[in-house]
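Written below as structure tokens is the structure these notes are about.
In this chain, numbering begins with 1 at the start of the sequence shown.
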Amino acid sequence: MFGLEALELARIQFAFTVAFHIIFPAITIGLASYLAVLEGLWLKTGQELYRDLYHFWMKVFAVNFAMGVVSGIVMAYQFGTNWSAFSEFAGSVTGPLLTYEVLTAFFLEAGFLGVMLFGWNRVGPGLHFFSTLMVAIGTLVSTFWILSSNSWMHTPQGHEIVDGIVIPVSWMAIIFNPSFPFRLAHMAVAAYLATAFMVGATAAWHLLKGNDNPAIRKMLSMAMWMALGVAPLQAVVGDLHGLNTLEYQPAKIAAMEGHWESTPGEATPLILVGWPDMQREETRFKIEVPYLASLILKHSLTEPIPALKDFPPEDRPFSPIVFWSFRFMVLLGLLMIACGFWSLWLRRGGRLYQSGAFLRFVYYMGPSGVLAILAGWITTEVGRQPWVIYGVMRTADAVSNHSAAQLGLTLTLFVVIYLAVFGVGFLYVLRLLAKGPVLTEGREQGVGGIGHPRTPARPLSASDEGLQPGEKDQLGERN
């Protein structure tokens with residue numbers, strides 16, 4: 001297919017399915033916590049505004065959760081179909097870690113998800129809030145185990161290789177491998193940022209369309225507070241992650257920076273833009289800032305950072321992809337930070353909801369969190385190459401014995417089916433977002449919507465089971 005070999009097609013297929021899958025868990029992680037906050041604020045303040053927002057975002061959460069489960073199952077099967085050599089070699093580590101994820105996170109989510117989606121009018125508010133909290137915690141527990149397994153592939157430890165098979169020696173060392181804490185924090189914060197900008201963009205779109213009400217304003221306000229607090233925090237976490245990568249995966253750092261040679265005792269400049277040429281072994285058309293790379297990564301003005309020529313050609317990641325995906329991620333992060341501080345400046349002037357330029361900026365920043373996550377994963381995974389387990393097993397040795405024709409066919413089927421199925425899901429989510437939250441005042445006037453008797457009971461509109469005015473006290477008595 002297009003002159004590609006079986007290994008390249010297997011990598012493209014896995015990258016394609018992961019790119020689709022990672023979007024849904026990221027949004028699910030952020031929305032689950034957001035829903036817990038909204039329900040908690042409703043119980044604390046009694047303001048119907050928070051309940052209305054809860055039911056609105058519940059529908060978006062339900063669709064994302066469903067698509068995340070489906071895409072995750074498909075992706076997991078590829079370990080056995082396309083990467084059987086890897087599964088045979090390292091399955092004694094990755095298998096149990098993924099099993100722990102099922103036994104803890106999946107069971108926790110499955111146990112309380114039904115109550116969360118369908119129990120609003122059937123259980124007391126305390127139990128329902130507890131269920132929402134458990135689902136939110138379950139998404140984070142799932143992240144814990146998935147990131148632990150993936151991080152072990154980047155910084156493997158706690159194992160021995162006996163007869164060509166990985167044998168676990170210390171599960172604590174395997175689970176809490178050196179890169180795991182930084183990658184877990186980086187991913188969790190990224191999920192919250194992605195959700196914040198999705199919420200903020202939705203609110204900005206409605207305000208630009210003239211749909212100005214307290215619920216829309218609250219959405220924008222909460223999203224911008226999150227951006228203001230979390231975007232700078234992500235920069236700090238990213239810096240710590242970079243220092244950890246420098247220690248354990250220096251070749252990845254060299255590819256990210258696009259440096260080919262370093263001089264002892266001489267600081268390394270930061271290349272802002274350029275094109276790393278793998279054949280000529282140089283970065284062409286580069287624009288540099290003196291000393292800055294050493295200052296960021298070594299916190300020194302004299303110590304150089306690793307260069308690509310420090311590693312054999314066969315051990316070098318493909319720098320052009322890593323170089324630009326990293327810069328794209330950083331650019332989006334800087335725009336998020338700028339958006340947060342812009343919102344603070346407008347908030348102090350009382351113009352947060354009236355500035356057309358700011359609202360358009362927030363609207364266009366809507367997909368920035370998801371795009372930053374994808375760029376970060378490209379940087380991480382392509383930067384690990386040519387290793388599937390860094391320093392232990394090469395990607396070329398992990399692939400199954402399939403022909404290029406077979407993998408080309410399955411890749412084509414994946415593209416067609418994924419675009420059809422998840423394309424419909426994506427359009428449905430956009431329709432939900434375009435409708436906006438239905439306020440309690442509207443329901444009292446018999447307009448229909450969340451909780452109204454005329455709302456159909458469909459599986460993907462489980463959150464339509466809203467609470468009628470006055471039912472809150474009844475539920476309180478039941479609880």
With sequence neighbours left out, write down each residue that passes ring pair (Phe, Tyr, Trp, His ring centres under 6.0 Å) with [X], or none if nothing qualifies.
X	value
Tyr192	none
Trp377	none
His402	none
Phe20	Phe16, Tyr418, Phe422

>> Against Phe14, only a single residue in Phe86, Phe79, Tyr77 fulfils ring pair (Phe, Tyr, Trp, His ring centres under 6.0 Å); can you say which?
In response: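 Of all the options given, the one that passes is Phe79.
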> For Met336 and Phe197, what are the C-alpha separation, side-chain angles and deciding distance, and is it a side-chain contact (heavy atoms from CB on, under 4.5 Å)?
Replying inline: CA-CA 9 Å; Met336 292 177 191; Phe197 277 93; 3.5 Å; yes
Rounded to the nearest 0.5 Å, how far does [atom2] of [Y] lie from [atom1] of [X]?
X	Y	atom1	atom2	answer
Leu246	Leu297	CG	CG	5.5 Å
Ile373	Ile378	CD1	CD1	12.0 Å
Lys435	Phe56	NZ	CZ	10.0 Å
Met222	Leu38	CE	CG	5.0 Å
Leu233	Ile337	CG	CD1	10.0 Å
Ile216	Tyr353	CD1	OH	11.5 Å

Does [X] use its side chain to pair, donor to acceptor, with the backbone of [Y] at less than 3.5 Å?
X	Y	result
Asn64	Val60	yes
Lys218	Leu49	no
Thr412	Gly408	yes
His206	Leu433	yes
Ser84	Thr81	no
Gln234	Val189	no

>> Once side-chain hydrogen bond (donor to acceptor under 3.5 Å, both in side chains) is applied, what residue pairs with a partner in residues 326-350 remain, sequence neighbours excluded?
In response: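 Qualifying pairs, neighbours excluded: Ser221-Arg347.
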>> Listing request: all side-chain hydrogen bond (donor to acceptor under 3.5 Å, both in side chains) pairs with a residue in residues 123-133, at least two apart in sequence or in separate chains.
In response: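 Checked against side-chain hydrogen bond (donor to acceptor under 3.5 Å, both in side chains) - neighbours excluded - the pairs reaching residues 123-133 are Glu39-His128, Glu39-Thr132, Tyr54-Thr132.
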> Under the ring pair (Phe, Tyr, Trp, His ring centres under 6.0 Å) criterion, do Tyr34 and Phe61 qualify, and how do the steps go?
Replying inline: CA-CA 10 Å; Tyr34 183 49; Phe61 171 84; over 10 Å; no
Kindly write out the residues that satisfy side chain to side chain contact (heavy atoms under 4.5 Å, CB included) with [X], not counting sequence neighbours, or none if the list is empty.
X	result
Leu97	Val93, Tyr100, Trp145, Ser148, Ser149, Trp171, Ile174, Ile175
Thr379	Met256, Val322, Ser325, Phe326
Ser179	Ser151, His154, Thr155, Asn177, Arg183, Asn244
Val399	Leu7, Ala10, Trp83

Would you name the heavy atoms of [X] and [Y] that are closest together and state the gap between them?
X	Y	value
Gly91	Pro96	O-CD, 3.3 Å
Val63	Gly425	CG1-O, 4.3 Å
Leu193	Ala231	CD2-N, 3.8 Å
Ala227	Pro232	O-CD, 3.7 Å
Ala6	Leu407	O-CD1, 3.1 Å
Gly238	His186	CA-CE1, 3.7 Å

> Can you tell me if CZ on Phe426 sees more than 12 non-hydrogen neighbours from other groups inside 6.0 Å?
Replying inline: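 Incorrect, the count does not exceed 12.
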> Take atom CZ in Phe106; do more than 12 heavy atoms of anything else shown fall under 6.0 Å from it?
Replying inline: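 No, the 6.0 Å shell around CZ holds no more than 12 heavy atoms from other groups.
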> Listed by chain and number, what are the salt bridge (Lys or Arg N to Asp or Glu O under 4.0 Å) partners of Asp212, not counting sequence neighbours?
Replying inline: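 Arg217.
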> What pairs with Arg384 under salt bridge (Lys or Arg N to Asp or Glu O under 4.0 Å), at least two apart in sequence or on another chain?
Replying inline: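 So Arg384 forms a salt bridge (Lys or Arg N to Asp or Glu O under 4.0 Å) with Glu381.
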>> What I'd like to find out is whether the side chain of Leu243 reaches to under 4.5 Å of the side chain of Phe182, using heavy atoms alone.
In response: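 A side-chain contact under 4.5 Å is absent here.
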>> As a quick check of understanding, evaluate side-chain hydrogen bond (donor to acceptor under 3.5 Å, both in side chains) for Thr139 and Glu109, giving each step before the final call.
In response: CA-CA 7 Å; Thr139 61; Glu109 292 170 337; 5.0 Å; no
> Going through the distances and angles, do Trp120 and His55 end up as a side-chain contact (heavy atoms from CB on, under 4.5 Å)?
Replying inline: CA-CA 10 Å; Trp120 189 271; His55 287 296; 3.4 Å; yes
>> For the aromatic rings, using the six-membered ring if either is Trp, is the centroid distance between Tyr248 and Tyr390 under 6.0 Å?
In response: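 Distance test on ring centres: not under 6.0 Å, no.
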>> Between Trp42 and Glu48, is the side-chain contact (heavy atoms from CB on, under 4.5 Å) condition met? List the steps.
In response: CA-CA 7 Å; Trp42 174 65; Glu48 305 298 335; 3.7 Å; yes
